[in-house]
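On a predicted model such as this, the values are computed, not experimentally measured, just so you know. In the text below, chain A, chain B and the rest are named by the order of the sequence lines, each starting its count at 1.
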Number of protein chains: 4
Amino acid sequence: MVDRQDSDRPRTRRLPRAVRERQILDAAVEVFATHGFHNASMDEIADVAGISKPMLYAYLGAKDELFVACIRREATRLIEAIGAAVEAGLSPAEQLWRGLQVFFEYVQHNQSGWAVLHRQANLQGEPFVSELSQWRERATRLIAALLAQATVDSAQPMRVEQTEPFAAALVGAGEALVEWWLHNPEHTADGMAMRLMNMVWMGFGDLVEGRSWSPGNAR
Amino acid sequence: MVDRQDSDRPRTRRLPRAVRERQILDAAVEVFATHGFHNASMDEIADVAGISKPMLYAYLGAKDELFVACIRREATRLIEAIGAAVEAGLSPAEQLWRGLQVFFEYVQHNQSGWAVLHRQANLQGEPFVSELSQWRERATRLIAALLAQATVDSAQPMRVEQTEPFAAALVGAGEALVEWWLHNPEHTADGMAMRLMNMVWMGFGDLVEGRSWSPGNAR
Amino acid sequence: MVDRQDSDRPRTRRLPRAVRERQILDAAVEVFATHGFHNASMDEIADVAGISKPMLYAYLGAKDELFVACIRREATRLIEAIGAAVEAGLSPAEQLWRGLQVFFEYVQHNQSGWAVLHRQANLQGEPFVSELSQWRERATRLIAALLAQATVDSAQPMRVEQTEPFAAALVGAGEALVEWWLHNPEHTADGMAMRLMNMVWMGFGDLVEGRSWSPGNAR
Amino acid sequence: MVDRQDSDRPRTRRLPRAVRERQILDAAVEVFATHGFHNASMDEIADVAGISKPMLYAYLGAKDELFVACIRREATRLIEAIGAAVEAGLSPAEQLWRGLQVFFEYVQHNQSGWAVLHRQANLQGEPFVSELSQWRERATRLIAALLAQATVDSAQPMRVEQTEPFAAALVGAGEALVEWWLHNPEHTADGMAMRLMNMVWMGFGDLVEGRSWSPGNAR
DNA sequence: CATGAATGAGCCTTCATTCAT
DNA sequence: CATGAATGAAGGCTCATTCAT
């Protein structure tokens, strides 16, 4: 039989709208991350948030909308965390390195948050996938600018249009690496960051200088 | 969020058991891939397969079992495709190269199949994850043997126990790269294979000879 | 998953119709008795009978009809068994006694048959209950005649119309006692028969001579 | 075999929990009694109760649980009705007599309730049968105490251990008589009670004084 | 503002029943 | 005559969503 959820979380009343919304989003992220989008029930979210279901709907709308709101908040948080770490005045390489560090650290401490939401969103198909794409593109543009900046003093400076695909690859690789990390959690955040940095920075150098491996020279 | 489809696919009748089973698996893979495990309805699978639901159950059992059957078939297909490509008599490097080529080609032509099933299976938790793990381990062991073989003539031959973690990383990287590829489909299968080959073969060399990158020497 | 019943019962072919029908009824009674009307599946009955489902339908019709056929056969068997035991020439009392003996013995050795079918039939509502009623009435008339015969030489001979309600009570008490016996199987068939005989015969005497117990004389 | 009914019963709304629960149990008892456990559909029960299926599940759980709840309620009601009638201060014989009266009256006015539930429960196997057994045992113990009390002033007072089997027989006989009564509804409740009282009280006397009937002395 | 009570709609699963061979 | 293959039609159960208080 259904165990009528008489959870004992205190139902604080009459909170300002912003606080309530945060409360709800916290609950939603936790529940979505734990059970996945489909298995998460609005009942449980409302319960964890300490409010009634009608309130849940009043504040953040239907399940889909709530999920999108979760994605948005987590994405924003991540981008802001990275932005805060990447101080102006550092060299592009160091900016990238700091950014990657923060990225992996953030993911590590927010598995309930971004990493899992990311996987969920990718799986639920439209419209969640497009929501994600927007954030990916935003990140890509930032990094492309960074890379272009790094070539400013070289013999052949690159424009943003040229660095963009490379930046996209970096972002994608980052996402993929996180996925892989989830299955291999024995590595440290810094280790992961270094791995990616290595790949990127050396690959970037190789790209500029035209080195590569090919089937012909098999050992 | 779901659009039910009244498909008028012709219902071919009285097929031999084996053919029907393939038909059903094809349909199931397609539907699971498109909507995800949870959003996929047995109704739609039956419809796409061109049969009635009772047949669906008679042939491949409940939803869980059907899904496992899908995973198994796709995994088997992939492994066999690779096995067929890796002819004996080739050098380890070339065997690996051929294997990677086929892997990425396979994924490219079976996005509905492998790639998405892989993501689905990883997310739906037990018992699907374990099912997948078995296949991953099988692949890992094969590759570990390959790598060990490659060092047979070197100064410090490695035993399978030593190459295994490296092989695991390769498999993981392969899976992760595919994930990334899905978001960046402009690359070719051979290009992807080369990328991974590069990483692996050079990394393998580095591993033996102890080279690496570190934050200190930022350019 | 469905375990496709490839039972290994030999499927004897080309049997004369009567034999086939007996085979089927045997199987049906067994299965109905074991699982109850609803939980019995035509699949299992066909399997136990060693024939295919279409044959099952060809020989004895739909599930309802098959069940009615079972009731009929078992009722017929019982009545015939009793008829065979009650030889002419015996005194009414002895005829009744023999009849009751056979009745309880029959039930004891045919629990799969009559007892359970009786309970099943009573539970499935119309049209099965009416089917049973017909047989009950037939038995009742036989016994009423017997009782009337028993009073032929007494001071006040009774006609069948007068003994009938009493006979009905006997039949009903018999059925009820069997029900009770199923829950108290430690008693013997003869013990049960004696219990009923006692009740009936003494009650019959009392009835004639007008003895009875009443609330007034509570000890 | 089932005739679905689109009943237009008015759906009273927003009832307090306790009232709804009674409503639902009433409906469930009626439907289970009419169609039997298996033929009863949750749809119909919800319909008769005047609520939607989800409420049905929210209030009383799955079909099994609902059925058990029905058994419990009916058993409780019966026992309480009897308890209320058997005032202290009466002689054992009179207590028994009152109890039997109430028992048969209760059954008569609750055919949908007790009698049929009893038959249903007995046939649906575990776990329903055990549920029933508990109530039977409870009734048995009460009666055994009563009988022991009745012999307190006699030459050979009996202890509860001795009267218990006799009480069990009484309870069983009562159940069996009800079964029989259902098929012979022309008798009154008092008539039935008297029949059983007769049997029991005289049998009880016989038991003490060792009288019995045997095949030898056929009239 | 806040909620307990209520429901429409859908999904998984299973059978009795029947073609087409 | 005999059957493997196939399905229409329900039934149990759950969940996102919304009144009515």
Side-chain angles (χ1 to χ4, degrees), chain A residues 1-2 4-6 11 13-15 17 20 38-46 51-59 61-66, chain B residues 1-2 4 11-17 20 38-46 50-59 61-64 66, chain C residues 1-2 4-6 11 13-15 17 20 38-46 51-59 61-66, chain D residues 1-2 4 11-17 20 38-46 50-59 61-64 66:
Chain A
M1 191 177 330
V2 173
R4 304 222 116 264
Q5 305 163 328
D6 29 289
R11 306 212 159 189
R13 308 205 170 195
R14 304 254 161 206
L15 293 185
R17 184 166 187 107
R20 262 285 141 86
H38 260 92
N39 289 330
S41 81
M42 294 299 269
D43 263 300
E44 184 175 352
I45 294 175
I51 59 170
S52 69
K53 263 195 296 181
M55 282 282 87
L56 183 54
Y57 278 84
Y59 274 89
K63 202 183 185 187
D64 295 15
E65 301 168 276
L66 175 56
Chain B
M1 224 151 106
V2 176
R4 310 231 96 272
R11 307 212 158 187
T12 340
R13 307 200 171 203
R14 303 245 144 218
L15 294 186
R17 194 168 180 100
R20 263 286 137 87
H38 269 97
N39 283 327
S41 82
M42 294 298 268
D43 265 295
E44 185 176 350
I45 294 175
I51 58 168
S52 66
K53 260 192 299 181
M55 286 275 64
L56 187 52
Y57 280 85
Y59 273 82
K63 202 183 185 185
D64 296 15
L66 176 55
Chain C
M1 192 176 329
V2 173
R4 305 220 113 266
Q5 306 164 330
D6 27 291
R11 305 211 159 189
R13 308 204 172 196
R14 306 256 158 206
L15 294 184
R17 184 164 188 109
R20 262 283 141 88
H38 261 93
N39 289 330
S41 81
M42 294 298 268
D43 263 299
E44 184 174 352
I45 294 175
I51 60 170
S52 68
K53 264 195 297 181
M55 282 283 86
L56 183 52
Y57 279 84
Y59 273 89
K63 201 182 184 187
D64 296 16
E65 301 167 277
L66 175 56
Chain D
M1 224 152 106
V2 176
R4 312 230 95 272
R11 305 212 159 187
T12 341
R13 307 202 171 200
R14 303 244 145 218
L15 294 185
R17 196 169 177 98
R20 264 285 136 88
H38 270 98
N39 283 328
S41 82
M42 293 299 268
D43 266 296
E44 185 176 350
I45 293 175
I51 58 167
S52 65
K53 256 193 303 179
M55 285 274 69
L56 187 53
Y57 281 86
Y59 274 83
K63 202 182 185 186
D64 295 15
L66 175 56

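Rounded to an integer number of Å, the gap from CG of D/D64 to P of F/dG12 is 11 Å. In this structure, B/L66 places its CG atom 10 Å from P of E/dT13, rounding to the nearest Å. Here the C1' atom of nucleotide F/dT14 and the CD atom of A/E44 are 15 Å apart, to the nearest Å. The separation between D/N39 atom CG and E/dA16 atom P is 12 Å, rounded to whole Å. For A/D43 and F/dT18, the CG to P distance is 14 Å, given to the nearest whole Å. Note: CG (D/L56) to C1' (F/dG12) measures 11 Å, nearest angstrom.
In this structure, of F/dT14, E/dC12, E/dT17, it is E/dC12 that holds the atom nearest to the side chain of B/K63. When the nucleotides E/dT17, E/dG10, F/dA16 are ranked by their closest atom to the side chain of A/S41, F/dA16 comes out on top. Picking from F/dC13, F/dA5, E/dA2 the nucleotide with the shortest atom distance to the side chain of A/M55 gives E/dA2. Taking only side-chain atoms of C/Y57, from C-beta outward, the nucleotide of E/dT17, E/dT14, F/dC15 with the closest atom is E/dT17. For C/S52, counting side-chain heavy atoms from C-beta on, the closest listed nucleotide (F/dA2, F/dT17, E/dC15) is F/dA2. Distances from the side chain of D/M42 to the nucleotides E/dC19, F/dG12, E/dT3 place F/dG12 closest.
Taking CD1 of A/I45 as the start and NZ of A/K53 as the end, the distance is 11.0 Å to the nearest 0.5 Å. Atoms NZ and CE, on A/K63 and A/M42 in that order, are 7.5 Å from each other to the nearest 0.5 Å.
Residue contacts shown for A/A62 are limited to sugar-phosphate atoms, with no base heavy atom under 4.0 Å away.
Both B/P54 and D/P54 lie close to DNA chain E; mapped to their nearest nucleotides by heavy-atom distance, the more 5′-ward contact belongs to D/P54.
OP1 or OP2 of E/dA6 lies within a sub-4.0 Å distance of a side-chain N or O belonging to D/R20. Taking only side-chain nitrogens and oxygens, B/Y59 comes nearer than 4.0 Å to OP1 or OP2 of F/dA6.
Here the shortest heavy-atom pairing between B/S52 and B/A46 reads C-CB, 4.0 Å. Of all the heavy atoms in B/I51 and B/L56, the pair that sits closest is CD1-N, 3.6 Å.
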If a pair means Watson-Crick or G-U wobble with both distances below 3.5 Å, what does DNA chain F look like in dot-bracket form, with | marking bases paired to a different strand?
.||||||||||||||||||||
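Residue-to-nucleotide contacts include a donor-acceptor pair under 3.5 Å from the side chain of C/K53 to the base of E/dT17.
For C/N39, the side-chain hydrogen bond (donor to acceptor under 3.5 Å, both in side chains) partners two or more places apart in sequence, or in a different chain, are D/H38.
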